[in-house]
Amino acid sequence: MKKLITAVVSIGLMAGATSAIADMEADRKAFVGHFKSIQPSVEFADYTNGVYAYDEGSRGQFEEILDGIPPYEEAVEKGAAEFEKFGLAKCAALADPAAARVKHPYYDDAAGTVVTLEGTIRKCYNEQTGKKMGPMKGKVARISAWISDQAAGEKVNVKVESDGAKAAYARGKATFYAKRGQFNMSCADCHVYNAGKKARADILSPALGHTTHVPMYRAKWGSLGTLHRRYGGCYKNMRAKPLMAQSPEYRDMEFFHQAMSNGLEITDARYRK
Amino acid sequence: MKKLLLTTLTVFAFSAQADYLGSSHNWNDGSSDPFKAALAAAESGYAANLKAHMAWRDTGKMIKEAKKLQASGNTASALALANKAHTQTVNAAEQTVGASSAGPRF
């Protein structure tokens, strides 16, 4: 039995390897086309507002929150002060914060790995202070939010060019579409095929535009959190064991996930229920 | 959504669990202690799931809990839980097949 599983798994891995000849742009067009077909009246640019592009009911509340002082404003200001205090501008990769947000995530050919904005922030923090920074909330989320604010209005523009990048993209795509956990569901089962439908008290957000406002503020958390914090929460909802934030698997998935939002505006409207 | 979930679960239950466990997995083989054998099967299955990044949320907890039950002399419940944990690991292994080449339906 074990032998059989091993055999089947290796065939699966081989299949995975061939799909590494990934065409991100063709994937993205099909992805956008899918959302256009399920919600023809929603404009592409509106996907930057995440679930509020679909959820007319709570959009008013969302806009009211943005018109006032959003609950994360203080945290983002603190992130600015922390960026300064820890000397993060001394790291070349963060010296121009707006450019840093637009550049990440990217595939580093020399290192052979996907580099996320949070990964770069944590590395720089470690270089400047000798200390370690957590990957999901607190400092990393505040600083990442402030950096991302500097790029508000610019567009998500993930590049998948080298063979290594294509392989990482293909792995991330598979992670997104694979069924996992006790409910035997994939990310796409909720955020692609059933986007806009209700799951208990929530309207399921479209994966298109999922990464324009990261790190996000969530009323349920009462704080900012990174994209990988959210990945962990959704894994748990699927009754799958979450992976570590900033694990290679999550970074690959982010590479795919962000690429699918290419062309959408980065926004500082971080509020979500 | 609920309907979708139910359908998915049902399909899954029929297609994976039923056939899979019946004939091919006799985890009592070669041991006179059914709990030990069930626990070993659950633990090795779980280790493989973790390695493939496809582990289920509660399997680890179930294994821990089964050990506790066994230690407190509740052998029937311990065995049942260890078997349930093992079943989870078999289903997770089933999901692992093809996971690395998963893609969209469009």
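Letters A, B, ... are given to chains in the order of the sequence lines, protein chains preceding strands, and every chain is numbered from 1.
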To check you understand the geometry: which heavy-atom pair defines the closest contact between B:Met54 and A:Arg180, and what is its length?
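Shortest heavy-atom separation between B:Met54 and A:Arg180 comes out as SD-NH1, 3.2 Å.
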Could you tell me which non-hydrogen atom of B:Ser100 sits nearest to which non-hydrogen atom of A:Ala174, and how far apart they are?
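The answer is O-CB, 3.3 Å.
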Taking the side chain as C-beta and beyond, is there a heavy-atom pair between [X] and [Y] under 4.5 Å?
X	Y	value
B:Arg105	A:Tyr193	yes
A:His34	B:Pro104	no
B:Trp56	A:Phe183	no
A:Gln182	B:Arg57	no

Which atoms of [X] come close to chain B, meaning under 4.5 Å heavy atom to heavy atom: side chain ones, backbone ones, both, or neither?
X	answer
A:Ala30	both
A:Phe176	neither
A:Arg171	neither

To the nearest 0.5 angstrom, please state how far the NZ atom of B:Lys61 sits from the NZ atom of A:Lys241.
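One gets 8.5 Å once the value is rounded to the nearest 0.5 Å.
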Can you establish whether the number of heavy atoms outside A:Lys36 located under 6.0 Å from its atom NZ is more than 12?
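Yes, the 6.0 Å shell around NZ holds more than 12 heavy atoms from other groups.
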